[in-house]
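One structure below.
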Amino acid sequence: MPELPEVETIANGVDRRIRGDRIVSAWFSKHKEPFKTAASALAAALPGNRVRAVHRVGKHIVVDLESAGDQNRKARSEARPRDAKSLALESPRREARTPGRLVPEPSQLIVHLGMTGRLLVTAPDVPQAPHTHAVLHLASGRELRFVDPRRFGRLALNTAEAFAGPGHEPLTISPPDFARLFRGRKLAIKAALLNQKLLHGVGNIYADESLFRAGIRPTRPAGRLTRARLDRLLKSLRAVLRAAIRAGGSSVSDYVDADGEAGFFQIQHRVYGREGQPCRVCGNQIRRIVLAGRSTHFCPRCQT
DNA sequence: AGAAGGACCTGCACGC
DNA sequence: TGCGTGCAGGTCCTTC
């Protein structure tokens, strides 16, 4: 289940492997349309683009693209004295000029892994995994593959300004802004943490773990928490996410190369998945309830 | 508008 | 062994 740390690790791994590469062609499975942007539009728009960088925004992997037009312009502007001929060849507009084919130039490819999505960078002769929904063929000969058994993942083109995601980044939001997110809200703090429009990147596991570390009962109404407790929650959340990113970064560096999951990082869970087991702090039994439709784990003594 | 709940989707663990 | 059932959860959509 990729949450922020996993997505960050994967984005970094993909970045190292395909930055600067060029998309030659794109293939999409016909097995139902699993994408936000139509597969036909993706297939038409992606080839010819160069990968400038890959990074994370919330739980999204963002592939910054440089269109063929951009690359030509760059090359021309770098070339010294321009003669009249090269100027004459210059295209006046950014968009593709092929008549009748209006393909917008994408600036970014947005990937959401959903629950089971994987991005793999492989050699072309590596057998295709089941549930492979997209393959980008790169100029280097390698392939970027999108595999997603449960098909909760999404691909989309972003042609507008830089993708910023739906909510605030938990790693950079200021404590006052963090506190403001929950003001007046009656829903449980756990449900609020999962709401990507408020804070993006936090999923079920890290919500439970950060609430435990902050000593806050997941059912507590978000708007009723004191500023001090919210400050503590933000600190716990950041500590958990940072620790996970560090561990993920070291233990899963091959993730995108290999056949996937092997050794995916797990933080030392203190409550998640530990129903009935003793709390690592006080020894009380960890309880599991369903909150916001999600299994929720907490220590009834440590979390108030 | 905010909140709650179901749908989507497949693999896996479990019980009979 | 094999089948049915329930569970996992990120996000979208509908309903209240």
Side-chain angles (χ1 to χ4, degrees), chain A residues 1-11 28-39 56-62 110-119 128-134 145-156 158 163-170 180-211 218-225 237 240-241 244 259-262 264-267 269 271-276 286-298:
Chain A
M1 287 134 260
E3 299 186 31
L4 186 154
E6 290 78 14
V7 175
E8 170 111 1
T9 301
I10 293 163
F28 300 92
S29 80
K30 299 213 158 54
H31 194 324
K32 201 186 165 194
E33 195 91 345
F35 311 114
K36 265 190 173 165
T37 302
R56 175 195 66 79
V57 174
K59 290 178 196 167
H60 300 264
I61 296 168
V62 178
I110 315 290
V111 181
H112 195 294
L113 299 175
M115 291 195 42
T116 54
R118 281 150 54 197
L119 266 187
Q128 210 173 82
H131 307 294
T132 297
H133 297 304
R145 300 180 184 174
F146 177 67
V147 182
D148 184 16
R150 220 174 288 181
R151 285 188 279 154
F152 281 8
R154 293 285 178 269
L155 301 188
N158 179 30
F163 179 78
H168 290 80
E169 269 292 318
R180 213 166 291 137
L181 294 178
F182 306 109
R183 195 173 290 167
R185 295 192 179 264
K186 291 181 180 141
L187 84 172
I189 182 65
K190 157 92 183 254
L193 285 176
L194 292 179
N195 184 342
Q196 302 294 303
K197 285 181 185 131
L198 300 179
L199 213 57
H200 60 207
V202 183
N204 203 35
I205 297 169
Y206 295 106
D208 279 8
E209 292 296 324
S210 61
L211 284 167
T219 49
R220 217 149 256 280
R224 304 273 297 273
L225 288 165
L237 182 57
V240 171
L241 293 174
D259 314 300
E261 234 101 1
F264 210 109
F265 163 76
Q266 304 264 323
I267 54 166
H269 295 163
V271 284
Y272 187 83
R274 299 194 63 243
E275 180 187 14
I286 300 299
R287 275 187 58 195
R288 175 185 174 275
I289 58 172
V290 174
L291 203 163
R294 295 289 167 262
S295 69
T296 298
H297 310 74
F298 67 97

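Numbers restart at 1 for each chain; the letters A, B, ... are given by sequence-line order, proteins then strands.
The distance from atom CG of Leu291(A) to atom C1' of dA8(C) is 16 Å, rounded to the nearest whole Å. Protein atom CD of Glu6(A) is 10 Å distant from nucleotide atom P of dG10(C), rounded to whole Å. Atom C1' of nucleotide dT10(B) and atom CZ of Arg118(A) are separated by 14 Å, given to the nearest angstrom. The interatomic distance linking Arg151(A) (CZ) with dA7(B) (C1') rounds to 14 Å, in whole Å. As rounded to whole Å, 12 Å separates atom C1' of dC12(C) from atom CD of Gln196(A). At whole-Å resolution of the value, CG in Leu194(A) and C1' in dG5(B) are 15 Å apart. In this structure, NE2 of His60(A) is placed 12 Å from C1' of dC12(C), rounded to the nearest angstrom. Distance NZ (Lys59(A)) to P (dC12(C)): 11 Å, rounded to an integer number of Å.
For His168(A), the ring pair (Phe, Tyr, Trp, His ring centres under 6.0 Å) test picks out no residue, with sequence neighbours left out.
Once rounded to the nearest 0.5 Å, the distance linking CG of Asp148(A) with CZ of Arg154(A) reads 8.5 Å.
OP1 or OP2 of dG9(C) lies within a sub-4.0 Å distance of a side-chain N or O belonging to Ser295(A). At least one side-chain nitrogen or oxygen of Arg288(A) sits closer than 4.0 Å to the OP1 or OP2 atom of dA8(C). Contact between the side-chain N/O atoms of Lys197(A) and the OP1/OP2 oxygens of dT11(C) is not found at any separation under 4.0 Å.
By the 30° and 60° cut-offs, the orientation of the rings of Tyr272(A) relative to His269(A) is perpendicular. Classified by interplanar angle (parallel below 30°, tilted 30° to 60°, perpendicular above 60°), the ring pair Phe163(A)/His60(A) is perpendicular.
With dA8(C), dC8(B), dT10(B) as the candidates, the nucleotide lying closest to the side chain of Phe152(A) is dC8(B).
Arg183(A) comes within 4.0 angstrom of nothing in the nucleic acid, heavy atoms only.
Counting heavy atoms from C-beta on, the side chains of His297(A) and Arg274(A) never come closer than 4.5 Å.
At distances below 3.5 Å, at least one donor-acceptor pair connects side-chain atoms of Gln196(A) with backbone N or O atoms of Leu194(A).
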Between the protein and nucleotides 11-14 of chain B, list the N/O to N/O atom pairs that are separated by less than 3.5 angstrom.
| from | atom 1 | to | atom 2 | distance (Å) |
| --- | --- | --- | --- | --- |
| dG11(B) | OP1 | His131(A) | NE2 | 2.7 |

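Contact detail for Val147(A) and Pro130(A): the closest heavy-atom pair is CG1-O, 3.4 Å.
For Arg294(A) and Leu187(A), each mapped to the nucleotide of DNA chain B holding its nearest heavy atom, the one lying further toward the 5' end belongs to Leu187(A).
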